[in-house]
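In what follows, a single structure is set out as C-alpha coordinates and then discussed.
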Amino acid sequence: MLIKKAPLAGLTENDVTPHHLYLNRRKIMAAGGALAVTGLAGACSQQDAAAQSPSVRPTDGALDFATTDYRVSDGDLTPYDAVTGYNNFYEFGVGKSDPARHAHNMTTDPWSVEVTGHAERTGTFSIDDVIDFNALEERIYRLRCVEAWSMVIPWIGVPLSSVLERFRPTSDARYVAFETYLNRDEMRGTRFPVLDWPYKEGLRMDEAMNPLTLMAVGLYGEVLPNQNGAPMRLVVPWKYGFKSIKSIVKINFVSEQPTTSWEESAPREYGFYSNVNPERAHPRWSQSSERIIGGGPFARRDTEMFNGYGDQVASLYAGMDLIENY
Ligand SMILES: Nc1nc2c(c(=O)[nH]1)N[C@H]1C(S)=C(S)[C@@H](COP(=O)(O)O)O[C@H]1N2
Ligand SMILES: [Mo]
(Lines give C-alpha, C1' and ligand atoms only; values in the text may rest on other atoms or scores of the structure.)
(Ligands and ions follow the chains in the order given, each with its own letter.)
Protein backbone atom coordinates (compact mmCIF):
# COMPACT_ATOMS: atom_id res chain seq x y z
CA MET A 1 0.00 0.00 0.00
CA LEU A 2 1.31 3.45 -0.88
CA ILE A 3 0.71 6.65 1.00
CA LYS A 4 -1.74 8.59 -1.12
CA LYS A 5 -2.36 11.71 0.89
CA ALA A 6 -0.13 14.78 0.89
CA PRO A 7 3.32 13.25 0.55
CA LEU A 8 6.20 15.60 1.28
CA ALA A 9 6.75 17.75 -1.78
CA GLY A 10 10.20 16.18 -2.10
CA LEU A 11 8.71 12.76 -2.77
CA THR A 12 7.10 11.40 -5.88
CA GLU A 13 4.33 8.82 -5.60
CA ASN A 14 6.85 6.05 -6.31
CA ASP A 15 9.31 7.24 -3.70
CA VAL A 16 6.77 7.37 -0.93
CA THR A 17 7.45 4.78 1.70
CA PRO A 18 4.84 2.09 2.11
CA HIS A 19 4.13 2.17 5.79
CA HIS A 20 5.26 -1.38 6.41
CA LEU A 21 8.67 -0.31 5.11
CA TYR A 22 8.73 2.85 7.20
CA LEU A 23 10.96 1.39 9.85
CA ASN A 24 13.44 0.10 7.25
CA ARG A 25 13.57 3.58 5.77
CA ARG A 26 14.28 4.99 9.19
CA LYS A 27 17.17 2.55 9.59
CA ILE A 28 18.57 3.72 6.25
CA MET A 29 18.24 7.31 7.43
CA ALA A 30 20.07 6.50 10.62
CA ALA A 31 22.83 4.92 8.54
CA GLY A 32 23.56 8.17 6.71
CA GLY A 33 20.77 8.86 4.24
CA ALA A 34 18.00 11.25 5.16
CA LEU A 35 14.43 11.85 4.15
CA ALA A 36 14.43 15.34 2.73
CA VAL A 37 12.03 17.67 4.45
CA THR A 38 12.66 20.88 2.52
CA GLY A 39 9.43 20.22 0.73
CA LEU A 40 7.40 20.28 3.90
CA ALA A 41 7.55 24.06 4.12
CA GLY A 42 6.81 24.21 0.42
CA ALA A 43 3.84 21.94 0.73
CA CYS A 44 2.37 24.25 3.34
CA SER A 45 3.06 27.53 1.60
CA GLN A 46 3.73 27.00 -2.10
CA GLN A 47 4.30 24.11 -4.50
CA ASP A 48 7.94 24.62 -5.30
CA ALA A 49 10.75 23.15 -7.34
CA ALA A 50 11.65 20.78 -4.53
CA ALA A 51 8.95 18.49 -5.93
CA GLN A 52 11.51 17.40 -8.55
CA SER A 53 14.30 16.56 -6.10
CA PRO A 54 15.08 13.00 -5.05
CA SER A 55 13.46 11.73 -1.88
CA VAL A 56 16.59 10.41 -0.27
CA ARG A 57 19.65 12.60 -0.36
CA PRO A 58 22.87 12.65 1.60
CA THR A 59 22.67 14.20 5.00
CA ASP A 60 23.66 17.84 4.87
CA GLY A 61 22.52 18.76 8.35
CA ALA A 62 20.11 21.59 7.78
CA LEU A 63 17.40 19.70 5.92
CA ASP A 64 16.97 16.61 8.06
CA PHE A 65 14.56 15.96 10.82
CA ALA A 66 16.26 14.53 13.85
CA THR A 67 14.78 11.37 15.32
CA THR A 68 14.27 11.14 19.05
CA ASP A 69 12.34 8.27 20.56
CA TYR A 70 10.68 8.88 23.88
CA ARG A 71 9.58 5.89 25.93
CA VAL A 72 7.78 4.05 23.16
CA SER A 73 9.51 2.04 20.48
CA ASP A 74 9.19 1.38 16.76
CA GLY A 75 7.56 -1.98 17.33
CA ASP A 76 4.54 -0.29 18.92
CA LEU A 77 3.74 2.05 16.01
CA THR A 78 0.04 2.26 15.19
CA PRO A 79 -0.67 1.50 11.52
CA TYR A 80 -0.98 4.61 9.36
CA ASP A 81 -4.52 3.78 8.31
CA ALA A 82 -5.64 3.75 11.94
CA VAL A 83 -3.77 6.97 12.75
CA THR A 84 -5.49 8.77 9.88
CA GLY A 85 -8.79 6.89 9.78
CA TYR A 86 -9.85 6.79 13.43
CA ASN A 87 -9.93 10.37 14.69
CA ASN A 88 -11.58 12.81 16.99
CA PHE A 89 -12.01 16.15 15.24
CA TYR A 90 -15.51 17.17 16.27
CA GLU A 91 -15.58 20.10 13.87
CA PHE A 92 -16.12 17.44 11.17
CA GLY A 93 -18.58 15.28 13.12
CA VAL A 94 -18.53 13.16 16.26
CA GLY A 95 -18.00 9.80 14.51
CA LYS A 96 -14.45 8.38 14.37
CA SER A 97 -14.54 8.15 10.58
CA ASP A 98 -16.13 11.59 10.02
CA PRO A 99 -12.80 13.50 10.03
CA ALA A 100 -11.24 11.23 7.37
CA ARG A 101 -14.38 11.62 5.30
CA HIS A 102 -14.90 15.36 5.60
CA ALA A 103 -11.69 17.13 6.63
CA HIS A 104 -10.47 17.44 3.04
CA ASN A 105 -12.87 20.39 2.83
CA MET A 106 -10.71 22.46 5.18
CA THR A 107 -8.50 25.14 3.59
CA THR A 108 -5.01 24.90 5.11
CA ASP A 109 -3.05 27.01 2.63
CA PRO A 110 -2.59 29.90 3.08
CA TRP A 111 -2.62 29.70 6.88
CA SER A 112 -2.05 32.43 9.40
CA VAL A 113 -1.90 32.54 13.16
CA GLU A 114 -2.98 35.44 15.33
CA VAL A 115 -0.78 36.04 18.37
CA THR A 116 -2.17 38.22 21.16
CA GLY A 117 -1.72 39.01 24.84
CA HIS A 118 1.33 39.31 27.05
CA ALA A 119 4.15 39.15 24.50
CA GLU A 120 6.51 41.65 22.90
CA ARG A 121 5.65 40.49 19.37
CA THR A 122 1.96 40.18 18.61
CA GLY A 123 -0.02 40.29 15.38
CA THR A 124 -0.87 38.01 12.49
CA PHE A 125 1.86 35.66 11.28
CA SER A 126 2.19 33.25 8.39
CA ILE A 127 3.00 29.63 9.15
CA ASP A 128 6.64 30.17 8.11
CA ASP A 129 6.94 32.89 10.76
CA VAL A 130 5.66 30.47 13.38
CA ILE A 131 7.52 27.23 12.57
CA ASP A 132 11.19 26.80 11.65
CA PHE A 133 10.89 24.13 8.97
CA ASN A 134 14.66 23.61 9.06
CA ALA A 135 14.47 22.45 12.66
CA LEU A 136 11.95 19.61 12.40
CA GLU A 137 12.29 16.63 14.68
CA GLU A 138 10.54 13.30 14.75
CA ARG A 139 9.15 12.17 18.10
CA ILE A 140 7.46 8.84 18.66
CA TYR A 141 4.79 9.58 21.26
CA ARG A 142 1.80 7.70 22.57
CA LEU A 143 -1.44 9.70 22.35
CA ARG A 144 -3.91 8.57 25.01
CA CYS A 145 -7.53 9.58 24.51
CA VAL A 146 -9.79 10.20 27.49
CA GLU A 147 -12.09 7.61 25.89
CA ALA A 148 -9.56 4.97 27.01
CA TRP A 149 -7.79 4.11 23.80
CA SER A 150 -4.30 4.98 22.60
CA MET A 151 -2.08 5.09 19.53
CA VAL A 152 1.67 5.40 19.03
CA ILE A 153 2.51 7.89 16.31
CA PRO A 154 5.77 9.11 14.72
CA TRP A 155 5.10 12.85 14.86
CA ILE A 156 7.19 15.51 13.11
CA GLY A 157 7.35 19.01 14.50
CA VAL A 158 9.24 21.50 16.61
CA PRO A 159 9.20 22.00 20.37
CA LEU A 160 6.34 24.33 21.25
CA SER A 161 8.86 26.34 23.30
CA SER A 162 10.69 27.28 20.08
CA VAL A 163 7.42 28.60 18.66
CA LEU A 164 6.42 30.58 21.75
CA GLU A 165 9.89 32.08 22.29
CA ARG A 166 9.62 33.79 18.90
CA PHE A 167 6.94 36.07 20.34
CA ARG A 168 8.89 36.87 23.51
CA PRO A 169 6.16 36.33 26.12
CA THR A 170 6.46 38.66 29.11
CA SER A 171 6.44 37.64 32.78
CA ASP A 172 2.66 38.31 32.87
CA ALA A 173 2.17 35.33 30.54
CA ARG A 174 1.38 32.57 33.02
CA TYR A 175 -0.77 30.52 30.64
CA VAL A 176 -1.11 30.18 26.90
CA ALA A 177 -4.49 29.70 25.23
CA PHE A 178 -5.04 28.22 21.76
CA GLU A 179 -7.96 28.23 19.33
CA THR A 180 -8.78 26.08 16.33
CA TYR A 181 -9.79 27.35 12.91
CA LEU A 182 -13.54 27.79 12.49
CA ASN A 183 -15.35 27.80 9.17
CA ARG A 184 -18.93 26.60 9.26
CA ASP A 185 -19.03 25.91 5.52
CA GLU A 186 -15.92 23.73 5.60
CA MET A 187 -16.56 22.11 8.99
CA ARG A 188 -19.97 20.50 8.94
CA GLY A 189 -19.77 19.45 12.60
CA THR A 190 -19.72 23.08 13.74
CA ARG A 191 -23.32 23.51 12.58
CA PHE A 192 -24.27 21.58 15.72
CA PRO A 193 -23.72 22.96 19.23
CA VAL A 194 -21.67 19.96 20.40
CA LEU A 195 -19.06 22.34 21.81
CA ASP A 196 -18.95 26.11 22.00
CA TRP A 197 -16.91 26.65 18.80
CA PRO A 198 -14.16 27.48 18.14
CA TYR A 199 -12.39 24.63 19.97
CA LYS A 200 -10.28 26.12 22.77
CA GLU A 201 -7.43 24.69 24.82
CA GLY A 202 -4.74 25.98 27.13
CA LEU A 203 -1.58 25.09 29.01
CA ARG A 204 0.22 26.55 31.97
CA MET A 205 3.33 28.31 30.68
CA ASP A 206 5.74 25.78 32.21
CA GLU A 207 3.78 22.92 30.61
CA ALA A 208 3.89 24.70 27.26
CA MET A 209 7.65 25.26 27.56
CA ASN A 210 8.41 21.69 28.64
CA PRO A 211 10.69 20.10 26.03
CA LEU A 212 8.23 17.21 25.47
CA THR A 213 5.48 19.53 24.20
CA LEU A 214 5.46 19.49 20.41
CA MET A 215 3.93 21.69 17.74
CA ALA A 216 3.42 19.02 15.09
CA VAL A 217 3.28 19.67 11.35
CA GLY A 218 3.63 16.08 10.15
CA LEU A 219 3.38 12.40 10.95
CA TYR A 220 4.82 9.23 9.38
CA GLY A 221 7.18 11.37 7.31
CA GLU A 222 4.39 13.38 5.68
CA VAL A 223 2.71 16.71 6.22
CA LEU A 224 -0.21 16.30 8.65
CA PRO A 225 -3.34 14.97 7.01
CA ASN A 226 -6.20 17.42 7.58
CA GLN A 227 -8.01 15.00 9.88
CA ASN A 228 -4.98 14.97 12.20
CA GLY A 229 -4.98 18.76 12.55
CA ALA A 230 -3.20 20.28 9.56
CA PRO A 231 -1.27 22.41 9.21
CA MET A 232 -0.19 22.59 12.88
CA ARG A 233 -1.44 21.05 16.10
CA LEU A 234 -0.20 20.44 19.60
CA VAL A 235 0.97 17.08 20.89
CA VAL A 236 1.14 17.08 24.70
CA PRO A 237 2.07 13.47 25.36
CA TRP A 238 1.40 13.25 29.11
CA LYS A 239 -2.15 14.66 28.85
CA TYR A 240 -5.36 13.21 27.49
CA GLY A 241 -5.68 13.61 23.72
CA PHE A 242 -8.16 16.48 23.84
CA LYS A 243 -5.45 18.86 25.13
CA SER A 244 -3.64 18.33 21.81
CA ILE A 245 -5.61 20.97 19.93
CA LYS A 246 -5.68 20.76 16.13
CA SER A 247 -5.47 23.28 13.29
CA ILE A 248 -4.35 26.19 15.48
CA VAL A 249 -5.12 29.76 14.38
CA LYS A 250 -4.79 31.65 17.67
CA ILE A 251 -2.15 31.81 20.37
CA ASN A 252 -2.98 34.09 23.30
CA PHE A 253 -0.60 34.72 26.21
CA VAL A 254 -2.71 35.29 29.33
CA SER A 255 -2.25 35.73 33.07
CA GLU A 256 -5.32 33.77 34.23
CA GLN A 257 -6.11 30.10 33.62
CA PRO A 258 -8.03 30.09 30.32
CA THR A 259 -11.38 28.43 29.66
CA THR A 260 -11.15 25.28 27.60
CA SER A 261 -13.89 23.74 25.45
CA TRP A 262 -14.21 20.41 27.22
CA GLU A 263 -14.06 21.88 30.69
CA GLU A 264 -16.71 24.37 29.69
CA SER A 265 -18.99 21.66 28.28
CA ALA A 266 -18.64 19.18 31.19
CA PRO A 267 -16.59 20.53 34.11
CA ARG A 268 -17.15 17.44 36.27
CA GLU A 269 -15.71 15.22 33.56
CA TYR A 270 -12.86 17.28 32.10
CA GLY A 271 -10.52 19.53 34.05
CA PHE A 272 -7.96 22.06 32.95
CA TYR A 273 -4.96 19.81 33.68
CA SER A 274 -6.24 16.51 32.27
CA ASN A 275 -2.99 14.69 32.98
CA VAL A 276 -3.27 11.01 32.15
CA ASN A 277 -3.97 9.39 35.51
CA PRO A 278 -5.02 5.73 35.87
CA GLU A 279 -6.09 6.45 39.46
CA ARG A 280 -8.58 9.16 38.67
CA ALA A 281 -11.55 7.58 36.89
CA HIS A 282 -13.68 9.60 34.52
CA PRO A 283 -17.10 9.86 36.24
CA ARG A 284 -18.53 7.41 33.68
CA TRP A 285 -15.65 4.96 33.11
CA SER A 286 -12.30 3.74 34.43
CA GLN A 287 -9.00 5.16 33.19
CA SER A 288 -6.91 2.25 34.49
CA SER A 289 -6.37 0.60 31.11
CA GLU A 290 -6.70 1.45 27.45
CA ARG A 291 -7.53 -0.18 24.14
CA ILE A 292 -4.62 -0.28 21.65
CA ILE A 293 -5.98 1.06 18.38
CA GLY A 294 -4.86 -1.05 15.44
CA GLY A 295 -3.83 -3.90 17.73
CA GLY A 296 -6.85 -6.15 17.22
CA PRO A 297 -10.14 -6.40 19.12
CA PHE A 298 -8.66 -7.48 22.47
CA ALA A 299 -5.39 -5.55 22.53
CA ARG A 300 -5.18 -3.56 25.77
CA ARG A 301 -2.50 -2.15 28.02
CA ASP A 302 -2.44 -0.73 31.52
CA THR A 303 -2.55 3.06 31.50
CA GLU A 304 0.53 4.65 33.03
CA MET A 305 0.63 7.77 35.19
CA PHE A 306 1.41 10.76 32.94
CA ASN A 307 1.03 8.30 30.04
CA GLY A 308 4.52 7.02 30.88
CA TYR A 309 6.28 10.38 30.69
CA GLY A 310 6.45 10.94 34.47
CA ASP A 311 10.25 11.16 34.59
CA GLN A 312 10.10 14.25 32.41
CA VAL A 313 6.97 15.97 33.76
CA ALA A 314 6.02 14.83 37.28
CA SER A 315 8.06 17.72 38.76
CA LEU A 316 5.71 20.22 37.12
CA TYR A 317 3.03 19.13 39.58
CA ALA A 318 5.08 18.73 42.75
CA GLY A 319 2.83 19.37 45.75
CA MET A 320 -0.41 19.40 43.73
CA ASP A 321 -3.24 16.97 44.45
CA LEU A 322 -3.78 15.40 41.03
CA ILE A 323 -7.15 13.91 41.97
CA GLU A 324 -8.45 17.38 42.88
CA ASN A 325 -6.62 19.05 39.97
CA TYR A 326 -7.79 16.61 37.27
N1 LIG B 1 -9.86 21.23 17.17
C2 LIG B 1 -9.92 20.02 17.71
N3 LIG B 1 -8.82 19.48 18.24
C4 LIG B 1 -8.86 18.23 18.79
C5 LIG B 1 -10.09 17.51 18.85
C6 LIG B 1 -11.25 18.12 18.27
O7 LIG B 1 -12.36 17.56 18.27
N8 LIG B 1 -11.12 19.35 17.70
N9 LIG B 1 -10.13 16.26 19.44
C10 LIG B 1 -9.09 15.98 20.45
C11 LIG B 1 -9.10 14.60 20.89
S12 LIG B 1 -10.38 14.16 21.92
C13 LIG B 1 -8.10 13.72 20.57
S14 LIG B 1 -8.06 12.16 21.28
C15 LIG B 1 -7.03 14.10 19.61
C16 LIG B 1 -6.97 13.07 18.49
O17 LIG B 1 -5.86 13.33 17.62
P18 LIG B 1 -5.65 12.40 16.33
O19 LIG B 1 -6.92 12.42 15.53
O20 LIG B 1 -4.50 12.99 15.58
O21 LIG B 1 -5.36 11.02 16.82
O22 LIG B 1 -7.24 15.38 19.03
C23 LIG B 1 -7.69 16.36 19.94
N24 LIG B 1 -7.73 17.67 19.30
MO1 LIG C 1 -9.72 12.19 22.94
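Whatever order the structure lists them in is the order used to number ligands and atoms, beginning at 1. It should be emphasised that the depicted structure is a prediction, and the values quoted were computed from it without experimental measurement.
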Write out the residue and atom name of the closest protein heavy atom to [atom], then the distance separating them to 0.1 Å.
atom                    : answer
atom 9 (N) of ligand 1  : N88 O, 3.2 Å
atom 7 (O) of ligand 1  : Y90 N, 2.7 Å
atom 6 (C) of ligand 1  : Y199 CE1, 3.3 Å
atom 21 (O) of ligand 1 : N87 ND2, 4.0 Å
atom 17 (O) of ligand 1 : R233 NH2, 3.2 Å
atom 18 (P) of ligand 1 : K246 NZ, 3.5 Å

Side chain, backbone, both or neither: the part of F89 lying under 4.0 Å from ligand 1 by heavy atom: both
Of G93, G241, A82, which has the heavy atom at the shortest distance from atom 15 (C) of ligand 1? G241
Which atoms from ligand 1 have a heavy atom of [X] less than 4.0 Å away?
X    : value
N228 : 18 (P), 19 (O), 20 (O)
C145 : 14 (S)
T180 : 1 (N)
E91  : 1 (N), 2 (C), 6 (C), 7 (O), 8 (N)

In Å, rounded to the nearest 0.5 Å, how long is the span from OG of S286 to CZ of R280? 11.5 Å
Output for pair (L219 CG, M151 CE), nearest 0.5 Å, gives 10.5 Å
When you measure from the heavy atoms of S244 to every atom of ligand 1, does any distance fall below 4.0 Å? yes
Between [X] and [Y], do the side chains contain an N or O donor and an N or O acceptor separated by less than 3.5 Å?
X    : Y    : result
S150 : E290 : yes
S261 : E264 : no
Q257 : R174 : no

Test of understanding: with side-chain hydrogen bond (donor to acceptor under 3.5 Å, both in side chains), list the residues that count as partners of E179, not counting sequence neighbours. none
Check whether the ring centres of Y90 and W262 lie less than 6.0 Å apart, and answer yes or no. yes
Cation-pi geometry met for K243 and F272 (6.0 Å, 45°): yes
Can you list the residues that meet the ring pair (Phe, Tyr, Trp, His ring centres under 6.0 Å) rule with F178, with sequence neighbours excluded? none
